[in-house]
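The basis for the numbers below is simple: all heavy atoms, side chains too, and nothing from hydrogens, waters or symmetry mates.
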Amino acid sequence: MKDVAARARVSVATVSRVLNGNPAVRPDTRDRVHRAITALGYRPNGVARSLRTDQTRTLGLVISDVLNPFFTALARAVEDEARAHGYSVVFGNADEQPALEDHHVRTLLERRVDGLLLSPTDDSASQVAEVARSGVPMVFVDRWIPGCPDVPVVRTDGRAAIAALVGHLHALGHRRLAVITGPSTTTTGNERLDAFLDALDAHGLPTPGHYRQEGDFRAESGRLATARFLDLPDPPDAVFATDNLMALGAMDEIRSRALRVPDDIALAAFDDIPWFLHTDPPLTAIAQPTEELGHSAVRALVSLIEGRPARSVTLTADLVPRRSCGE
C-alpha cells in the first residue's frame, strides 16, 4: 500500500479508502490510485486484513456428496447468495464419510472461516456437535443433528409430498409399494421412511419388511435394493427411492433384466433433478426448492456472523408427476 501511495502521490489512508470504496475520495484521485494499483500489480492481502478485522469474509460449506446433483445445485445456490452478501465460499466434500467430514470442519476452522454451513453425514457426529457448542456460527442445511438444538436448521419438509405420492400411486392402481430408504443414521433417511410408512397406513396398504431396503444415497445401493425386490416371489409393483441417485440405480437394475418402467414396475424418486426429464420414461419425483434452501441457509448464517438471531427455516417439497408410474 505504501508503494501504491507513493506512485499515486497520495497518503496510505487514501489508498485504503479507495480499496474500501469510500465515496469521499475525489474521482481523479481514485483514478490515479487505480492506475498505480494496476501498474504495480498490487493485490490486497486477505490474510493480513482478516487478522486486523477478525473476519475473513469467507464461509465454509461441507456437503455430504458433491457427485449428488442435489448437493451440487445446493452448493451453487450457496455460492450465489454468499457472493451477494460479500462473502466467498470454501467447499469440503465429505463423501458420506463422518471422518472426512470432521477433517473438513477442522480445516475450515483453521483457515478462520467466519461461519459454517453443514449437511451432516451422520446424525450423531461428535466433532460437529462439539464445534456447535463452542459458539462457532453454524447452520445445518437439508440434514441436521438432533443433539444440537441451538443450531438453526434450513430444511425441506417432504411429508406432505410423500403422502401425495403414495396417494398418486394408489390412484393408479399400485398396491405393493416398496421403498429404498436412506441411511438410518441420517435425519432425512429416517424422516422420509416414517412419512412413507404413515402414508401407506393411511391408505390401508401393507408394509412388509421385505419391501424395505436401506441404501446409502448412492446409485449402487439403489441397484442392489431393487435386485432384492425383483428376486422376491411376489415383487412390488412400485418402488419409491428416497434419493435421486438411488432411483437411477434402481432404473439400471430394472433395465438390466429387460423389464420396462412403468409397464412392469413403477418407479418414483425423492429429489427431482433435470436428468429426470430426459429419462425414458421421464421420472415422477418429489422436488425440493434447492435454490431457496441454499439462499435461506446463507442468510441465516450471515445473521449469526453479524450478531443477529437466526431462525430455522422449513420449506415445502412438491410432487412432480411424469410418466414412470403409469400416468
Side-chain angles (χ1 to χ4, degrees), residues 58-85 87-97 100-101 104 108 115-121 139-144 152-158 161-162 165 180 182-183 186-189 191-192 215-219 221-222 240-251 267-279 282-302 312-322 324:
T58 304
L59 308 180
L61 170 65
V62 182
I63 53 178
S64 305
D65 182 7
V66 74
L67 295 180
N68 187 317
F70 166 74
F71 286 113
T72 306
L74 180 67
R76 171 66 182 272
V78 164
E79 187 173 40
D80 288 347
E81 185 70 14
R83 189 184 307 115
H85 289 271
Y87 286 84
S88 299
V89 180
V90 180
F91 298 93
N93 172 35
D95 202 29
E96 298 291 1
Q97 300 177 45
L100 188 53
E101 176 180 87
H104 286 310
L108 289 168
L116 284 171
L117 291 167
L118 187 70
S119 180
T121 59
V139 172
F140 292 137
V141 56
D142 183 50
R143 307 177 191 175
W144 65 98
V153 180
V154 178
R155 57 180 283 269
T156 300
D157 184 351
I162 291 173
L165 171 64
I180 308 172
T186 61
T187 48
T188 48
E191 187 179 63
R192 292 169 194 175
D216 62 2
F217 291 137
R218 301 286 180 88
S221 71
F240 171 45
T242 60
D243 163 78
N244 49 49
L245 293 183
M246 294 193 300
L248 292 174
M251 183 173 284
L267 180 62
F270 200 101
D271 279 343
D272 194 20
I273 53 176
W275 304 348
F276 287 168
L277 282 170
H278 307 294
T279 57
L283 206 66
T284 293
I286 291 172
Q288 297 200 66
T290 312
E291 185 172 309
E292 184 54 31
L293 274 175
H295 292 176
S296 296
V298 170
R299 289 194 290 266
L301 184 57
V302 169
S312 293
V313 176
T314 301
L315 303 174
T316 303
D318 294 308
L319 175 64
V320 183
R322 294 195 178 102
S324 64

Student: Once you round to the nearest 0.5 Å, how far does CZ of F71 lie from CG of D142?
Tutor: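 Rounded to the nearest 0.5 Å, the CZ-CG separation comes to 5.0 Å.
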Student: To the nearest 0.5 angstrom, please state how far the CG atom of L67 sits from the CD atom of E96.
Tutor: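 Rounded to the nearest 0.5 Å, the CG-CD separation comes to 10.5 Å.
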Student: At their closest point, which heavy atom of V141 faces which heavy atom of L293, and how far apart are they?
Tutor: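 For V141 and L293, the tightest heavy-atom pair comes out as CG2-O, 4.3 Å.
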Student: Between R299 and E292, does any NZ, NE, NH1 or NH2 come within less than 4.0 Å of an OD or OE carboxylate oxygen?
Tutor: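 A salt bridge is present here (some side-chain N lies under 4.0 Å from a carboxylate O).
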Student: With heavy-atom distances below 4.5 Å as the criterion, would you say the side chains of T156 and P289 are in contact?
Tutor: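 Counting from C-beta outward, T156 and P289 do come under 4.5 Å.
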Student: Do D243 and N68 get their side chains close enough for a donor-acceptor pair, meaning under 3.5 Å?
Tutor: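 There is such a pair (donor and acceptor under 3.5 Å, judged by atom type) between the side chains of D243 and N68.
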Student: Testing the basics here: between T290 and A77, what is the closest heavy-atom pair and its distance to 0.1 Å?
Tutor: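 Looking at all heavy atoms of both residues, the closest pair is O-CB, 4.2 Å.
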Student: How long is the span from the OG1 atom in T242 to the CG atom in D271, to the nearest 0.5 Å?
Tutor: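 That separation rounds to 8.5 Å.
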Student: Testing the basics here: between S312 and P152, what is the closest heavy-atom pair and its distance to 0.1 Å?
Tutor: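 It is OG-CA, 3.5 Å.
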Student: Is any side-chain heavy atom of F217 less than 4.5 Å from a side-chain heavy atom of T188?
Tutor: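 They are in side-chain contact.
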Student: Partners of F270 by ring-ring contact (aromatic ring centres under 6.0 Å, His included), sequence neighbours excluded?
Tutor: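 ring-ring contact (aromatic ring centres under 6.0 Å, His included) check on F270 returns nothing, list empty.
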Student: Closest approach of L108 and G60, non-hydrogen atoms and distance?
Tutor: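 Answer, listing the atom of L108 first, then G60: CD1-CA, 3.9 Å.
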Student: Could you work out, with side chain to side chain donor-acceptor pair (under 3.5 Å) as the rule, every residue matching D65, not counting sequence neighbours?
Tutor: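 Residues passing side chain to side chain donor-acceptor pair (under 3.5 Å) with D65: R218.
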Student: Quick one: CZ on F276 to CG on L248, what's the gap to the nearest 0.5 Å?
Tutor: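 Atom-to-atom, F276:CZ and L248:CG are 5.0 Å apart.
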Student: Residues in salt bridge (Lys or Arg N to Asp or Glu O under 4.0 Å) with E79, at least two apart?
Tutor: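 E79 satisfies salt bridge (Lys or Arg N to Asp or Glu O under 4.0 Å) with no other residue.
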Student: Specify the closest pair of heavy atoms between S324 and L267, including all atoms of both residues, with the distance to one decimal.
Tutor: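 So the two residues come closest at OG-O, 2.5 Å.
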Student: Would you check if F240 and I162 make a side-chain contact, meaning some heavy-atom pair closer than 4.5 Å?
Tutor: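 With C-beta onward as the side chain, the pair touches.
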Student: Any sub-3.5 Å donor-acceptor pair from E101's side-chain atoms to T121's backbone N or O?
Tutor: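 Checking the backbone N and O of T121 against the side chain of E101, a donor-acceptor pair under 3.5 Å is found.
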Student: Quick one: CD1 on I180 to CG on L245, what's the gap to the nearest 0.5 Å?
Tutor: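 CG of L245 is found 11.5 Å from CD1 of I180.
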Student: Just by distance, do the side chain of T72 and the backbone of V66 share a donor-acceptor pair under 3.5 Å?
Tutor: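 A pair under 3.5 Å: yes.
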Student: How close do R143 and S64 get, heavy atom to heavy atom, and via which atoms?
Tutor: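 Closest approach of R143 to S64: NH1-OG, 3.2 Å.
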Student: Under 3.5 Å, is there a donor-acceptor pair between the S221 and D216 side chains?
Tutor: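 A pair is found: one side chain offers a donor N or O, the other an acceptor, under 3.5 Å apart.
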Student: Tell me, do D272 and R322 make a side-chain contact under 4.5 Å, heavy atoms counted?
Tutor: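 When only atoms from C-beta onward are counted, R322 and D272 do touch, with a gap below 4.5 Å.
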Student: Quick one: pull up CG in L165 and CD1 in I286 and give me the separation to the nearest 0.5 Å.
Tutor: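 Here the interatomic distance stands at 5.0 Å.
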Student: Under the side chain to side chain contact (heavy atoms under 4.5 Å, CB included) rule, what do F140 and T187 come out as? Steps first, then yes or no, please.
Tutor: CA-CA 11 Å; F140 292 137; T187 48; over 6 Å; no
